[in-house]
2 protein chains.
Amino acid sequence: MNEQDFLATYDPRAYPAVAVTADVVALTIRDGALHLLLIRRGEQPYAGHWALPGGFVRPDEELAAAARRELAEETGLDGEPLRRVHVEQLASYGAPDRDPRMRIVSVAHLAFAPDLPDAAAGTDADEAAWVPVAELANRQLAFDHARIVADGLDRARSKLEYTPLATRFLAPEFTIGELRGVYETVWGHQLHAGNFHRKVLSVPGFVESTGASTEHGGSRGGPRARLYRAGDARLLHPALLRPAREETVR
Amino acid sequence: MNEQDFLATYDPRAYPAVAVTADVVALTIRDGALHLLLIRRGEQPYAGHWALPGGFVRPDEELAAAARRELAEETGLDGEPLRRVHVEQLASYGAPDRDPRMRIVSVAHLAFAPDLPDAAAGTDADEAAWVPVAELANRQLAFDHARIVADGLDRARSKLEYTPLATRFLAPEFTIGELRGVYETVWGHQLHAGNFHRKVLSVPGFVESTGASTEHGGSRGGPRARLYRAGDARLLHPALLRPAREETVR
DNA sequence: GAAATAGTGTCTATCAGACAATATATC
DNA sequence: GATATATTGTCTGATAGACACTATTTC
């Protein structure tokens, strides 16, 4: 049997029914706090629960495209602002009982967005909102989404170390102080301003100067800061390593 | 409608048919060279081509369990030796046209195995073999498996930097020289023996001494070496960083 | 004995982090 | 003026890598 004949007689229904969804852990920084995009589910199962934006991958749709589409639906984003959002694959979750309806494998994605307008509910959600990550402990997320979020936060914290993706939380032009704010927010602790400044400028391709400065100093005083844009590096060498905490290692 | 009623009337067939496979990029070191486990496909499509071991995820089977099962089928491994193989999820590949039969999403896994006996063909393969990674350029892999392998090799090289997984390529007890051999093989360049030795011993939890030494010196001379086993660290702090190559960064 | 390897010692350039100093903004 | 922030300077301890040396083993 050649490949032509084989395909003509092939029956996809012979294989077990599985559905594939793309879910998104979308992060942004608002008011100096890390926020996560959540929707309140309008349908069963878990109706009324908060969950990650996501949905079934359509026929002929790439996995990453499905994630971007879901993100666009819940944020109202489109065109250039949407292109500025960084989306990467996080991991897939396929425990047999993770969804009571049927076998559903979720290909989770991780997104870094600059500060965006308030979220707008999409088609299958009552409500969509940017929720402070610090408040997640109080909310019962649907499915295994709490685990997915935890994995996404881990990945995000780690990605800031060796990639320039922190810039994706900011406008196209930013100050070193704003960049430091991203690190402090995502990592959850203060960094030394002077050392951070020198370090960032010493990593080739991390940021490049625009030549301009901010119009005003900080709201509570201080000189105007120089403006930078993201450089052309895809990886940081040397990396900006977090101080090792013993408990994360063992 | 409550959740009970909802599930009773729910029709999984209403969703587009997708199949999910688990494929494995299994790496080992034989004769000082990095090898990859490949099978020669016995069925359409791509009959006769070399491909990654893998297959459909069964109902009620975890993704990682499916990967381990496929690995076991092709290597003949079982029990304790199989447990010693490290398996982790790599990424999912879901381009709509990656398989001519139907929409198939592959959840690729990455495995690190100690030197194993020759592979034995499983049920749906003519042949299974450990193939030197250096020879892959001459082989036309089925589907998008060349890309998956490339991603797996990248991940493997990077994982050696910040995890103790290099030990998974070795027997439970090993010498520092053997461990250095793993790094040199996977990274593809020589390391300084003295500095490597000191560095490994200085990373907390990377290796722990067994107190014993090898029975004999090296085949071409040299003293007996002390034996170590893997320590309890899951991450290496500080990491064993590769020297940065400019071209990998931009 | 020649050659290879294990393990240790030493030196230096570099770097992370602590700390300080100065200039420039806001209130 | 008091205070906050940007930016640069300086110092110190730690480290990566180069190099050297000794001891031990095989052929």
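Every chain is numbered from 1, with letters handed out A, B, ... down the list of sequences.
- Not less than 6.0 angstrom separates the ring centroid of A:Tyr228 from the ring centroid of A:Phe174.
- Without hydrogens or angle criteria, B:Ser106 side chain to B:Tyr93 main chain gives no donor-acceptor distance under 3.5 Å.
- In this structure, A:Arg157 fails the cation-pi test against A:Trp187, since its NZ or CZ atom is not both closer than 6.0 Å to the six-membered ring centre and inside 45 degrees of the ring normal.
- Counting any heavy atom pair closer than 4.0 Å across all strands shown, A:Gly221 reaches a base atom.
- A:Leu136 places a side-chain heavy atom less than 4.5 Å from the side chain of A:Leu38.
- Side-chain contact check for B:Phe143 versus B:Ile148: every heavy-atom pair is 4.5 Å or farther apart.
- If you measure from atom CG of B:Leu236 to atom P of D:dA16, you get 12 Å, rounded to the nearest angstrom.
- Only B:His192, B:Asn195, B:Arg198, listed by number, bring a heavy atom of residues 191-198 of chain B to less than 4.0 angstrom from any atom of DNA chain D.
- In 5' to 3' order, the nucleotides of DNA chain C bounding all contacts with chain A (an atom under 4.0 Å from a heavy atom) are C:dA16 to C:dC27.
- Counting heavy atoms from C-beta outward, A:Gln89 and A:Val107 have side chains that approach closer than 4.5 Å.
- Taking only side-chain atoms of A:Pro223, from C-beta outward, the nucleotide of D:dT7, D:dA4, D:dT24 with the closest atom is D:dA4.
- Proximity of B:Arg229 to B:Ser209: side-chain heavy atoms (C-beta onward) are nowhere separated by under 4.5 Å.
- Rounded to whole Å, atom C1' of D:dA6 lies 12 Å from atom CG of A:Leu227.
- The residue among A:Ser219 and B:Gly222 whose nearest nucleotide of DNA chain C is located toward the 5' end is B:Gly222.
- One finds a side-chain N or O of A:Arg180 lying less than 4.0 angstrom from the OP1 or OP2 phosphate oxygen of D:dA6.
- Mapping B:Ala239 and B:Arg224 onto DNA chain D via the closest heavy atom, the residue that lands nearer the 5' end is B:Ala239.
- Test B:Leu241, B:Leu236, B:Leu240 against B:Glu161 for side chain to side chain contact (heavy atoms under 4.5 Å, CB included) and you get one pass: B:Leu241.
- Distances shown here put a side-chain N or O of A:Arg226 below 4.0 Å from the OP1 or OP2 atom of D:dT8.
- Between B:Lys199 and D:dT15 there is no side-chain N or O to OP1 or OP2 distance below 4.0 Å.
- Considering only heavy atoms from C-beta on, A:Arg98 comes within 4.5 Å of A:His145 through its side chain.
- Counting to the nearest Å, the P atom of D:dT15 and the CG atom of A:Leu241 are 13 Å from each other.
- Summarising the geometry, the separation between CD1 on A:Ile176 and P on D:dT7 is reported as 7 Å, rounded to the nearest angstrom.
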